[in-house]
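What follows is a single structure, written as structure tokens, with notes after it.
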Amino acid sequence: MTSGGSFYITTPIYYPSDLPHIGHGYTSVAVDTLARWHRQSGDDTWMLTGTDEHGQKMLRAATANGVTPQEWVDKLVEESWFPLLKTLDVANDDFIRTTQPRHEERVKTFVQALYDSGYIYAGEYEALYCVGCEEFKPEAEIVDGTGPFEGLKVCAIHSKPLELLQEKNYFFKLSEFQDRLLELYKTQPDFVRPDSARNEVVSFVRSGLKDLSISRSAFDWGIRVPWDDSHVIYVWVDALLNYATAVGYGDDPEQFERRWPAYHVVGKDILRFHAVIWPAMLMAAGLEVPKGIFAHGWLLVGGEKMSKSKLTGIAPTEITDVFGSDAYRFYFLSAIAFGQDGSFSWEDLSARYQAELANGFGNLASRTVAMIGRYFDGVVPAAGEAAEIDLRVQRTVADAATAADAAMTAFRPDEAIAAIWTIVDELNGYITENEPWALAKDEDKRERLSTVLYTAAEGLRALAVLLSPVMPQSTATLWGALGAPGELTAQPLRDAGTWGQLPAGSRVGTLAPLFPRVEQTA
């Protein structure tokens, strides 16, 4: 059963001059898990990620490295960003690069349409600009510098001096959309989530919107303005449009009709671009606004937002090389309330890996499969009449599946995992209480032993299905060890809580520890 319609979801489009750190990985695995959940639930799902490759910062980095901007971005994407997807088992459907012809030509089509409709005009602009943010900074994000930057105005986010730019630019009439945006937030209260993000956006728009400079003429690394090739399109306008150009805007109306509009998951530092500028641009073009914007919090290391320049950025491989990709995905999606800031520490990761994955889920799987092998020659036994304690497990599985689906639909993977984990806890308690190793010593209790081990195995079947979007590798291994029929990813997630799907008579295999003990590093 599907929920109907397309579920199109995107990561933010990443700026590849910054090497991937665990914050980028956090966003990517969150979006991938949501996409996997909907895809396995039968929804018409499409996941997009990609890289934003234009702009002044990229041009300067390329120049500093003695190569062309295109050579520079090609190197970064091939060596760092494509490998990130493999490292974290991200099953994206598309990867868009803003230097691809399919994107550039469609951007020109969009901007030309706004110009022809009278939403773009020429003017002059002078303001403080942050190259790191690729943004003219509002007063709220301009602070006085300290130390070597004392006496200068610096970006509140990057702590680097701002540049005073004065240019003749083209402007988008963003100010004309203030009332329409406020009406959007009012009539669709879940358009921006969580509530803290929505409140921030509403307050910002109510304070008044200024028209947006959408072109630059001081450099040429960007998409040319179609009616004036002495200007390039502002990198953020170019970047935001990837969500539409990737699904056919401009020359594939069938694909665009099928996929658009999208859900966007972004970091809270780029919320205003997505929740204010982007829907206004779409309104001006006569297109549907996104289905929703979800802003997650920052990952903090040592109490600070991660930054390569401050040496607080941690590469995902530093974790996956030790704990594996499934542990990475589980940890970040379960340890942090999605939408709030969260702190990372090696100690917390190691403790949760050992307690929840190795001792909790992994040990449950290993001993259940081993007992079926030992007591029933590797064949899943048929269950006898269910006692109340067995029915309690069945209710836990059904309730967890329902709660997890509701949580994933609400963009709360952390709550979904918490719901699913009630099955792990219930089954571990169930095995301890029933003591199958003791039952196996009494031939008169053979039927009860069969019921207990079938119940444990069927609970693991449900766990494998429900956890497969979160931990695709370990659940696939468990699925094979259970001898369950069919492909794991073909099992309908919304039916996962229906009891009795593991056929009695299935032959289990051997199961090495899903989460082996590791030596603490870092």
Side-chain angles (χ1 to χ4, degrees), residues 1 40 356 359-405 419-468 474-488 490-514:
M1 175 179 167
Q40 197 169 333
E356 298 176 48
N359 293 342
F361 179 40
N363 187 48
L364 169 67
S366 294
R367 61 178 176 164
T368 298
V369 171
M371 285 189 289
I372 293 172
R374 184 179 307 121
Y375 303 138
F376 290 95
D377 296 323
V379 177
V380 176
E385 185 177 352
E388 174 56 30
I389 192 173
D390 310 317
L391 295 174
R392 188 178 69 197
V393 173
Q394 297 180 28
R395 289 193 295 269
T396 297
V397 169
D399 291 347
T402 300
D405 188 48
I420 296 167
W421 223 252
T422 62
I423 304 175
V424 175
D425 295 338
E426 180 71 31
L427 287 176
N428 275 317
Y430 175 81
I431 290 174
T432 299
E433 191 170 349
N434 282 277
E435 297 184 325
W437 48 88
L439 295 174
K441 297 177 181 178
D442 188 342
E443 188 62 31
D444 291 339
K445 295 181 178 177
R446 187 74 173 171
E447 181 178 334
R448 182 62 196 156
L449 177 61
S450 297
T451 301
V452 169
L453 289 184
Y454 180 83
T455 298
E458 170 63 359
L460 282 173
R461 189 266 330 153
L463 278 172
V465 176
L466 292 167
L467 287 172
S468 61
S474 58
T475 52
T477 299
L478 174 58
W479 188 258
L482 287 173
E487 293 293 326
L488 174 58
Q491 308 308 306
L493 262 165
R494 295 189 178 113
D495 295 334
T498 302
W499 193 258
Q501 295 185 51
L502 180 65
S506 299
R507 179 164 291 279
V508 302
T510 57
L511 182 62
L514 293 177

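What you see below is based on every heavy atom in this structure, not just the backbone, and it leaves out hydrogens, waters and symmetry mates.
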Heavy-atom closest pair, residues [X] and [Y]:
| X | Y | answer |
| --- | --- | --- |
| A464 | L478 | CB-CD2, 4.1 Å |
| A419 | A400 | O-CB, 3.3 Å |
| P513 | S366 | CA-OG, 4.2 Å |
| S474 | L514 | O-CD2, 3.7 Å |
| A383 | Y454 | CB-CD2, 3.8 Å |
| A504 | A382 | CB-CA, 3.7 Å |

Validation row: [X], [Y] side chains within 4.5 angstrom (heavy atoms):
| X | Y | value |
| --- | --- | --- |
| L449 | F376 | yes |
| P503 | V380 | no |
| T422 | D399 | no |
| L493 | L466 | yes |
| M371 | V452 | no |
| R461 | V465 | yes |
| N434 | T455 | no |
| L460 | L364 | yes |

Check ion pair D390-R448 (N to O, under 4.0 angstrom):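 Result for this pair is yes, salt bridge flagged.
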Would you find a donor on one side and an acceptor on the other, under 3.5 Å apart, between the side chain of [X] and the backbone of [Y]?
| X | Y | result |
| --- | --- | --- |
| Q40 | L488 | yes |
| E458 | Q501 | yes |
| R507 | D377 | yes |
| T451 | G384 | yes |
| Q491 | E487 | yes |

For W421 and L467, what are the C-alpha separation, side-chain angles and deciding distance, and is it a side-chain contact (heavy atoms from CB on, under 4.5 Å)? CA-CA 9 Å; W421 223 252; L467 287 172; 3.8 Å; yes
What's the spacing between [X] [atom1] and [Y] [atom2] if we round to 0.5 Å?
| X | Y | atom1 | atom2 | value |
| --- | --- | --- | --- | --- |
| F361 | T475 | CZ | OG1 | 7.0 Å |
| L439 | K445 | CG | NZ | 6.0 Å |
| W479 | L502 | CH2 | CG | 7.5 Å |
| T396 | L391 | OG1 | CG | 10.5 Å |

Derivation and outcome, side-chain contact (heavy atoms from CB on, under 4.5 Å), residues R367 and N428: CA-CA 10 Å; R367 61 178 176 164; N428 275 317; 3.1 Å; yes
Give the C-alpha distance, both sets of side-chain angles, the deciding distance and a yes or no for side-chain contact (heavy atoms from CB on, under 4.5 Å) between Y430 and I423. CA-CA 10 Å; Y430 175 81; I423 304 175; over 6 Å; no
Is R446 close enough and on-axis enough to Y375, meaning under 6.0 Å and within 45°, for cation-pi?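 The answer is no; the distance or angle limit is not met.
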Verdict with reasoning, L463 to L427, per side-chain contact (heavy atoms from CB on, under 4.5 Å): CA-CA 10 Å; L463 278 172; L427 287 176; 4.1 Å; yes
